[in-house]
Amino acid sequence: MATATRVPFFSTTSSGLRHCHKSNWVESSFPLIRQPGSLGPVNKSLSPSSSFLAKTNRRGFTRIGVVVSAAMADLSTVLVTGAGGRTGQILYKKLKERADQFVARGLVRTEESKEKIRGADDVFVGDIRDADSIVPAIQGVDALIILTSAVPRMKPGYDPTKGQRPEFYFEEGAFPEQVDWIGQKNQIDVAKTAGVKHIVLVGSMGGTDPNHPLNSLGNGNILVWKRKAEQYLADSGIPYTIIRAGGLQDREGGLRELLVGKDDELLKTETKTITRSDVAEVCIQALQFEEAKFKAFDLASKPERVGTPTKDFKALFSQVTARF
């Protein structure tokens with residue numbers, strides 16, 4: 001039999017104020033309408049998963065008790081940082097589509113990014129390099145999925161027809177040390193203070209090789225700083241899942257057999273890529289299985305139509321034995 005949680009009764013008057021029996025008068029956050037035949041307004045804007053009880057007394061006050069369904073109370077609030085990026089957008093959308101399981105939040109760096117993903121009040125604007133600016137986004141969440149990353153830019157003037165090799169740079173203040181180390185450390189620290197129960201961190205394969213080509217882009221040593229943040233998370237005491245994704249593809253997800261590995265072993269094979277959509281799905285699935293906690297793994301997939309598309313994520317996570 002379903003259970004329900006009853007929240008405190010409060011009274012409302014035609015002035016638009018409400019009064020809780022445990023607090024002072026405060027401004028109502030609900031649109032109020034007048035109850036026919038009474039002097040007191042009644043709220044009819046409660047969520048579909050809630051119901052209310054109303055009783056008007058002889059002074060015209062309406063006493064309303066809100067009953068919130070147990071299913072609503074059990075939803076997990078999940079924050080996606082880097083929600084304006086290509087993988088972040090996919091992940092944020094997936095969470096929104098599963099409103100029966102999750103309350104989705106997003107964190108982006110600019111108002112432009114918020115508009116791009118059509119974010120409402122559940123999308124926060126903050127700078128991960130400034131810990132104080134991300135506190136409101138992280139406060140009150142159950143799980144944090146970190147998808148932030150420094151992004152190398154190609155220097156202008158590159159002409160492939162002339163046999164030139166592209167050169168890259170990082171914008172001032174957005175080097176990997178500042179974004180992938182300090183920025184991710186800030187997120188972990190704020191999450192720990194806020195009591196977040198699980199952090200999923202998405203990194204990249206290649207971190208075991210200091211001479212990996214990605215480290216040379218813009219002289220940023222991006223994999224070195226990512227690896228340092230991963231170690232910091234593993235040492236934090238917070239339940240974690242570290243996903244080191246292979247080369248990211250902008251293709252449809254859910255069509256391939258996923259592969260997990262460790263220590264960049266998959267980079268020595270032909271199966272070292274994965275779709276952004278599949279990475280996003282693995283992040284969400286990691287929140288739902290104890291087998292994914294306190295584990296770190298490389299992630300790639302077989303080509304489409306080779307093998308069987310992965311559906312059993314508990315079995316996938318059970319293959320992983322490495323804690324870092």
Side-chain angles (χ1 to χ4, degrees), residues 78 80 82-102 104 106 116-117 143 145-149 151-152 154 160 166 198 200-209 212-214 217 222-223 226 230 240-293 295-322 324:
V78 182
V80 179
R86 283 185 286 174
T87 307
Q89 289 183 53
I90 295 170
L91 179 47
Y92 174 71
K93 182 180 178 182
K94 280 177 173 284
L95 288 171
K96 295 287 285 185
E97 290 171 347
R98 301 178 198 186
D100 60 329
Q101 294 176 274
F102 305 103
K116 182 174 68 174
I117 66 173
I145 302 177
I146 299 176
L147 279 169
T148 52
S149 177
V151 179
M154 186 182 296
H198 190 180
V200 177
L201 171 60
V202 178
S204 301
M205 285 197 286
T208 61
D209 180 9
H212 193 282
L214 286 179
L217 296 181
I222 188 167
L223 295 181
K226 283 181 180 293
E230 292 169 7
Y240 66 86
T241 305
I242 297 170
I243 301 170
R244 300 177 182 125
L248 296 172
Q249 299 178 319
D250 295 310
R251 296 181 181 175
E252 185 179 353
L255 303 176
R256 298 163 183 81
E257 182 175 331
L258 303 183
L259 303 170
V260 292
K262 64 178 182 177
D263 298 331
D264 294 330
E265 292 170 346
L266 290 173
L267 287 179
K268 302 171 186 175
T269 71
E270 296 300 315
T271 52
K272 50 193 174 186
T273 60
I274 187 166
T275 70
R276 294 180 186 276
S277 182
D278 283 331
V279 172
E281 185 62 38
V282 172
C283 288
I284 295 174
Q285 294 294 333
L287 301 177
Q288 302 178 72
F289 294 99
E290 289 295 318
E291 289 79 4
K293 289 183 177 178
K295 291 184 177 180
F297 54 90
D298 300 340
L299 181 66
S301 68
K302 293 181 179 180
E304 191 176 342
R305 292 185 292 276
V306 176
T308 304
T310 297
K311 304 298 179 185
D312 188 345
F313 289 91
K314 181 176 181 179
L316 182 73
F317 298 135
S318 295
Q319 297 176 38
V320 180
T321 58
F324 186 77

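Just so you know, these numbers use all the heavy atoms, side chains as well, and skip hydrogens, waters and symmetry mates.
Other residues, nucleotides and ligands contribute at most 12 non-hydrogen atoms within 6.0 Å of the CZ atom of Arg251. Counting non-hydrogen atoms of other residues, nucleotides and ligands closer than 6.0 Å to NZ of Lys262 gives a total of 12 or fewer.
Nearest heavy-atom pair, Glu304 versus Leu255, reported as atom, atom and distance to 0.1 Å: OE2-CD1, 3.5 Å. For the residue pair Gly88 and Leu147, the shortest heavy atom distance occurs at CA-CD1, 3.6 Å. Of all heavy-atom pairs spanning Ile90 and Arg276, the tightest one is CD1-CB, 3.8 Å. Taking all atoms of both residues into account, the shortest heavy-atom contact from Ser149 to Lys226 is OG-NZ, 3.0 Å. Heavy-atom minimum distance, His198 versus Ala286: CE1-O, 3.2 Å. Across every non-hydrogen atom of Ala300 and Leu266, the tightest pair is CB-CD1, 3.9 Å.
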Inset, instruction - Applying side chain to side chain contact (heavy atoms under 4.5 Å, CB included), run through Ile284 and Gln101 and close with a yes or a no. - result: CA-CA 11 Å; Ile284 295 174; Gln101 294 176 274; over 6 Å; no
Inset, instruction - Apply the test side chain to side chain contact (heavy atoms under 4.5 Å, CB included) to residues Leu259 and Lys302: give CA-CA distance (whole Å), side-chain angles for both, the deciding distance (0.1 Å), then the verdict. - result: CA-CA 7 Å; Leu259 303 170; Lys302 293 181 179 180; 4.0 Å; yes
Inset, instruction - Could you please spell out the steps behind the side chain to side chain contact (heavy atoms under 4.5 Å, CB included) verdict for Glu230 and Arg244? - result: CA-CA 10 Å; Glu230 292 169 7; Arg244 300 177 182 125; 2.8 Å; yes
Legend entry - Lys293/Glu290 under salt bridge (charged side-chain N to carboxylate O under 4.0 Å, His left out): CA gap, chis, key distance, verdict: CA-CA 5 Å; Lys293 289 183 177 178; Glu290 289 295 318; 3.1 Å; yes
Inset, instruction - For Phe313 and Leu316, run side chain to side chain contact (heavy atoms under 4.5 Å, CB included): C-alpha distance rounded to whole Å, both residues' side-chain angles, the deciding distance at 0.1 Å, then the answer. - result: CA-CA 5 Å; Phe313 289 91; Leu316 182 73; 4.1 Å; yes
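A donor atom on one side chain and an acceptor atom on the other are found under 3.5 Å apart for Thr271 and Thr269.
The distance from the CD atom of Gln89 to the CD1 atom of Ile117 is 6.5 Å, given to the nearest 0.5 Å. A distance of 4.5 Å separates CD1 in Ile243 from CZ in Phe297, rounded to the nearest 0.5 Å. Atom CG in Leu223 sits 8.5 Å away from atom CG in Asp209 (nearest 0.5 Å). Annotation: the span from Lys94 atom NZ to Cys283 atom SG amounts to 10.5 Å, rounded to 0.5 Å. A distance of 8.5 Å separates NZ of Lys268 from CG of Asp263, quoted to the nearest 0.5 Å. The distance from atom CD1 of Ile145 to atom OH of Tyr92, rounded to the nearest 0.5 Å, is 13.0 Å.
Side-chain atoms of Lys295 come within 3.5 Å of backbone atoms of Phe317 as a donor-acceptor pair (strictly under, hydrogens ignored). One N or O on the side chain of Lys116 and one on the backbone of Gly84 form a donor-acceptor pair closer than 3.5 Å. For the pair Thr208 (side chain) and Asp264 (backbone), a donor-acceptor distance under 3.5 Å is absent.
With a 4.5 Å cut-off on side-chain heavy atoms, Asp100 and Arg98 count as touching. Looking at heavy atoms from C-beta onward, Val260 lies in side-chain contact with Leu299 at the 4.5 angstrom threshold. Side chains of Val202 and Thr87 form no contact here, defined as non-hydrogen atoms less than 4.5 Å apart.
Checking each of Arg256, Glu252, Glu281 against Thr275 for a side chain to side chain contact (heavy atoms under 4.5 Å, CB included) leaves exactly one that passes, namely Arg256.
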